[in-house]
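Below: one structure, written as structure tokens.
Computation of the quantities below employed the complete heavy-atom set of this structure, encompassing side-chain atoms and omitting hydrogens, waters and symmetry-equivalent molecules.
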Amino acid sequence: MASPLFILLILQSFLVSTSISSTVSFSLNQTETLFKWKTSLDNKSQSFLSSWVGDSPCKWVGIACNKAESIININLHDYGLKGTIHGLNFFAFPDLMQLDLSNNSLHGEIPSHIVNLSKLTYLDLSYNHFFGNIPFEVGLLKSLTKLDLSNNSFSGSIPSSIRNLSNLSILYLYDNMLSKSIPSEVGLLKSLTELDLSNNNFSGSIPTSIGNLSNLSSLSLFYNMFYDSIPSEIGLLKSLTTLYLFNNSLSGSIPISIGNLTRILQLDLTSNYLSGPIPLEMNNLILLKDLHLCNNKLNGHLPENICLGGFLTNFSAINNHLTGPIPKSFKNCSSLFRVRLEGNQLEGNITDAFGIYPKLDYIDLSNNKLYGKLSPTWGLCHNLTNLKISNNNISGKIPLELAQATQLQRLDLSSNQLNGEIPKELGNLTALVYLLLNDNQLFGRIPLEIGQLLNLQQLNLAANNLDGPIPKQLGKCFRLWSLNLSKNQLGENIPFEIKNIFALQTLDLSWNILMGEIPLELGGSQRLETLNLSHNMLSGFIPSSFNEMLSLTNVNISYNQLEGPIPRIKAFLDAPFDALENNKGLCGNASGLMPCPSKSQKKSSRGLVILIVIPVLGGLLLLFILVKYLLLFCCKKYKPRVEQYQYIFDIWGYDGKILYENILEATEQFNSNYCIGTGGCGNVYKAVLPTGQVVAVKKLHPSNDDDTINLQAFESEIRVLTETRHRNIVKLYGFCSTTEHSLLVYEFVERGSLKKVLSNPEEAVKLNWDKRLNIIKGLSRALSYMHHDHPSPIIHRDISSNNVLLDLDYEAHVSDFGIARILKPDCSNWTSFAGTFGYTAPEFAYTMQASEKCDVYSFGVVAMEVLIGMHPGDLISDLWTSNGQQVLLRDVIDQCLQPQRKNRVAEQVVSTTKLAFACLNVNPQLRPTMQQVYQALNSGRPSPLPKPYLMISLGDLIGDGHEVQS
């Protein structure tokens, strides 16, 4: 009989061998499973997992094991994986505690055999492409403490099995397509500290059982379709620090019980149908930092002690029916950073309602019933960038001390009862971009110091009692795109220095007492679109230079003493009669005007001799001139330059002289009817050649010295550009120059400029998000190619929506690549600036050196223009302030095309916006390269950008009420 010791040794040996066998079995089984799953992924994904070789997965990247070499952690976050997880047999991982596959491109449904991960405490499948229902089996993983399925395409409802997850502390299901109501079983998850179900399609009422979640610190239900009232049980969540319910259809009043949330830091109820007064109990929320109540139907007074705790940073209650005064606690609320109360019926005296705010960046009190005087203490808010108190009943003078707020970028005091003179000290506010003082009772002269505001883009002093001349110093404000001085008593002549305002698009000088002739130089305003000179005392002829103002679309010169022919451009020829009426003797081919008399009609009958002799002499003179011209034409017209341009056109296969004549014939000598656009260095015409081919011809502006093009240097440059072939770059066919014209001939792109399409509502609505994102991608592809892949890298220098053309498929084609660098710098007033105002990088103003990073900045502007639907000038100026600026993305994107609540396009809009913001960085060194931008857009993955750009999220686009640091 064997001794007990012998039996014990045998048993121990058996257990050890069994353990070793089990460990080897585990290892082999898990290795095989992971290998099999790896091979099911696409080739690129497999390359990312190239370290997965050998028989010991515990040494592989992303894998962690316990002492028994059984896998307990799989973390492949952001590995670029593409495929499904059906090949990942969860039976092989009985000890797995953490599974993180987030931020990849995995798709398909979650397999039901995930239930075998009984020890799983951490499951993160967020930011992938999973779809289908959340499987019932997920609710059986009872050990889970964190479940994150956010940013996918899950649909259906939350499974009732969720009630089993009693250990769950974090539940993220945001950014999906989940629907129906929230199951009441959620109220059984008493360990929950964070619950985010935002950006889904949930409807019905917010379940009252949510009041059982006593440990909850963050609750986000924004951007769903919840209706009914906010349940009073919300007040039971006394640990709550964040409550986001914005962008739903909640109605009724704000529950009084919300005053019990004494730990709350962020509260956002924006964009619902809440009505009634704001509960006085909200005065108890003394720790509040962010409070947003915008776009509801709230009435009554603002809580008087809302800032009693001294922590309030952001407060907005835009567009309600609130009445009463500014809360008393605002006086000493030094923590304020951003305040928006516009669009209410607030009343009361604001003279002493506000104090000194060292952190205040933005305040808007517009469209209320406030009265009193502007306090000098506003000047002591040294970080203030935006002060808007328009459309109130403010009286008194503009305080001189306001000039001490040197960071001001927007000052809007319009539509009040301000009087006195405009302080010349405002000329010290050199950061000003918008100065709006219109519709007040200001008098005196416009200060000459306004000319010091070199960053000014919009100046509106209309509807005051200003007199004296228009200061010629305004010509120094070359960034101005809108100048409105109408409805004053300004006199004397229009200063010709206005021509120096290269960016000017809108000029309104109507309803003054301006005299003299319209300055000839005003015709050089190549960007001017709207001109109103009506109701003045202007006289004489309209300058012939106006015939070159092809950008002009709206004009009004009525009620003056002008005479003679109107300019032969569309704006005048198509103008209604009331825009031309009541002048001394205007004539021309426009509605309501008499045709201009011919020369024979102007002759007076001074005698028979004059009638006979003058025509004879004139005829002889004309004959002499004609003969001389023909001789010059035959001998000289093409001779000096024919060799050069003919050589250039050999590249295209066209005879230069014949082509030139064909173009003249096709455009009727460059008649304005054939003009399809205007650019920095010339106007663009559509020409149908005898072969039937349609081309776009850019007629370059002539220079003063008649030597615009240096053909010897130009020839090699043109050869390079004509050989460039890229799907997103407009083909340059060639160049032709004569003593009269210098022409660039391009392929014709059917839909015309991006700016033209975006500015036409009927066309813009056809640009869905897919098309818009493809346009941005095409632009980035072209710039990346020319910066990094072209044999001779080229900076464009003038990227704008005018230079991005769209074909019939809405594919983007960039025009004028390389032209800015090879034309003589003074070919027009735009080339010397190396860009179009509103698109040019800020550093160029002081370096005068164009670089690739200048193109990157311009790309950012155009990208935002595509997303917003118009030029983002206002937004860009708000983005870059001394302390940063807060912006709601969903408020600025094109409102005619809102993304769906949750889909891939919406995510791409957000990631594209991040890239655009990165490109707009005021520091060129912090901007990405165009190659990086294109790669980020082409991969469909977020770009690894530094803060603050990553703070923009899908929620900011489709309903996150945070005002995002940008």
Task: Steps toward side-chain hydrogen bond (donor to acceptor under 3.5 Å, both in side chains) verdict (Asn295, Asn319) - done: CA-CA 5 Å; Asn295 301 322; Asn319 296 334; 3.1 Å; yes
Task: Ile394/Leu413 under side chain to side chain contact (heavy atoms under 4.5 Å, CB included): CA gap, chis, key distance, verdict - done: CA-CA 9 Å; Ile394 311 300; Leu413 306 176; over 6 Å; no
TODO: Begin with the C-alpha distance, continue with both residues' side-chain angles, and end with the deciding distance and a verdict on side chain to side chain contact (heavy atoms under 4.5 Å, CB included) for Leu453 and Lys476.
DONE: CA-CA 8 Å; Leu453 305 180; Lys476 298 178 181 179; over 6 Å; no
Open item on the list: Let's go through Asp290 and Asn314 carefully: what are the C-alpha distance in whole Å and the side-chain angles of both, what is the deciding distance for side-chain hydrogen bond (donor to acceptor under 3.5 Å, both in side chains) to 0.1 Å, and is it a yes or a no?
Closed with: CA-CA 5 Å; Asp290 299 298; Asn314 297 300; 2.6 Å; yes
Open item on the list: Please determine whether side-chain hydrogen bond (donor to acceptor under 3.5 Å, both in side chains) holds for the pair Ser316 and His292, giving the CA-CA distance in whole Å, both sets of side-chain angles, and the decisive distance to 0.1 Å.
Closed with: CA-CA 5 Å; Ser316 60; His292 302 288; 2.6 Å; yes
Task: salt bridge (Lys or Arg N to Asp or Glu O under 4.0 Å) assessment of Arg340 paired with Glu342 - done: CA-CA 6 Å; Arg340 298 196 63 176; Glu342 68 265 29; 2.4 Å; yes
- [ ] Would you sort out whether Asn484 and Thr506 count as a side chain to side chain contact (heavy atoms under 4.5 Å, CB included), showing the intermediate values?
- [x] CA-CA 8 Å; Asn484 191 342; Thr506 300; over 6 Å; no
Open item on the list: Could you walk me through whether Thr262 and Asn284 satisfy the side-chain hydrogen bond (donor to acceptor under 3.5 Å, both in side chains) test, starting with their C-alpha distance in whole Å, then the side-chain angles of each, then the deciding distance to 0.1 Å, before giving a yes or no?
Closed with: CA-CA 6 Å; Thr262 53; Asn284 301 331; over 6 Å; no
TODO: In sequence, state the C-alpha distance, the side-chain angles, and the governing distance for Leu267 and Ile258, and then conclude on side chain to side chain contact (heavy atoms under 4.5 Å, CB included).
DONE: CA-CA 10 Å; Leu267 174 60; Ile258 211 162; 4.1 Å; yes
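Under the side chain to side chain donor-acceptor pair (under 3.5 Å) test applied with Asn391, the options Asp412, Asn367, Asp439, Asn416 reduce to a single match, Asn367.
Atom CD1 of Ile450 sits about 15.0 Å away from atom CZ of Arg445, to the nearest 0.5 Å. Here the CD1 atom belonging to Ile498 is positioned 6.0 Å from the CG atom belonging to Leu483, to the nearest 0.5 angstrom. Distance CD1/Ile326 to CG/Leu370: 5.0 Å, rounded to 0.5 Å. Separation of atoms CG (Leu514) and CG (Leu538) is listed at 6.0 Å; rounding is to 0.5 Å. Here CD of Glu865 is found 3.5 Å from OG of Ser801. Values are rounded to the nearest 0.5 Å. A distance of 13.0 Å separates CG of Asn455 from CG of Leu435, quoted to the nearest 0.5 Å.
In this structure the side chain of Phe330 reaches within 4.5 angstrom of the side chain of Val339, judged on heavy atoms. Contact check for Leu485 versus Leu474: side-chain heavy atoms found under the 4.5 Å cut-off. Taking 4.5 Å as the limit, some side-chain heavy atom of Leu867 sits within range of a side-chain heavy atom of Thr913. Leu291 has its side chain within reach of Phe315: a pair of non-hydrogen atoms, C-beta onward, lies under 4.5 Å apart. Side-chain contact between Ile363 and Phe354 is present, with at least one heavy-atom pair separated by less than 4.5 Å. Within the 4.5 Å cutoff, side-chain heavy atoms of Pro358 are placed close to those of Ser334. Using a 4.5 Å heavy-atom cutoff, the side chains of Trp378 and Leu380 are not in contact. Between Leu287 and Ile264, every side-chain heavy-atom pair lies at or beyond the 4.5 Å cut-off.
Checked by atom type and distance alone, the side chain of Ser414 never pairs as donor or acceptor with a backbone atom of Asn438 at under 3.5 Å. A donor-acceptor pair is defined here as one N or O able to donate and one able to accept, closer than 3.5 Å; no such pair exists between the side chain of Ser275 and the backbone of Leu298. Panel note: side chain Ser551, backbone Leu528; a donor-acceptor pair is recorded below 3.5 Å. Counting only distance, with no hydrogens or angles, the side chain of Ser525 and the backbone of Arg527 share no donor-acceptor pair below 3.5 Å. A donor-acceptor pair under 3.5 Å links the side-chain atoms of Asp268 to the main chain of Thr270, judged by distance alone. Using modelled atom types, one side-chain atom of Asn272 and one backbone atom of Asn248 make a donor-acceptor pair closer than 3.5 Å. Counting only distance, with no hydrogens or angles, the side chain of Asn582 and the backbone of Tyr559 share no donor-acceptor pair below 3.5 Å. Between the Asn464 side chain and the Leu437 main chain, a donor and an acceptor come within less than 3.5 Å of each other. Side chain of Ser271 to backbone of Leu269: no donor-acceptor contact under 3.5 angstrom is found. For the pair Gln452 (side chain) and Gly427 (backbone), a donor-acceptor distance under 3.5 Å is present.
The heavy-atom pair separating Ala579 from Ala575 by the smallest distance is CB-CB, 4.4 Å. Here the closest non-hydrogen pair linking Gly310 and Ser335 is O-OG, 3.2 Å. Taking both residues in full, the closest heavy atoms of Arg410 and Leu436 are given as NH1-CD1, 4.4 Å, listed atom of the first, atom of the second, then distance. Taking all atoms of both residues into account, the shortest heavy-atom contact from Ala462 to Asn488 is CA-ND2, 3.8 Å. When all heavy atoms of Tyr244 and Thr242 are compared, the pair lying nearest together is CE1-CG2, 3.3 Å. Here the closest heavy-atom approach between residue Thr323 and residue Glu347 is recorded as CB-OE2, 4.5 Å.
The 12-atom threshold is exceeded at NZ of Lys331, counting heavy atoms of other residues, nucleotides or ligands nearer than 6.0 Å. Heavy atoms of other residues, nucleotides or ligands lying less than 6.0 angstrom from CD1 of Ile256 number 12 at most. Around the CH2 atom of Trp511, the shell of radius 6.0 Å holds no more than 12 heavy atoms that belong to other residues, nucleotides or ligands. More than 12 heavy atoms of other residues, nucleotides or ligands shown are found within 6.0 angstrom of CG on Leu400.
Between Ser366 and Ser390, the side chains place a donor N or O and an acceptor N or O closer than 3.5 Å (distance only, hydrogens not considered). Between the side chains of Ser510 and His535, no donor-acceptor pair of N or O atoms lies under 3.5 Å.
Taking the ring centroids of His871 and Tyr839, they lie under the 6.0 Å cut-off.
Using a 4.0 Å cut-off between a side-chain N of Lys or Arg and a carboxylate O of Asp or Glu, Glu529 and Lys755 qualify as a salt bridge.
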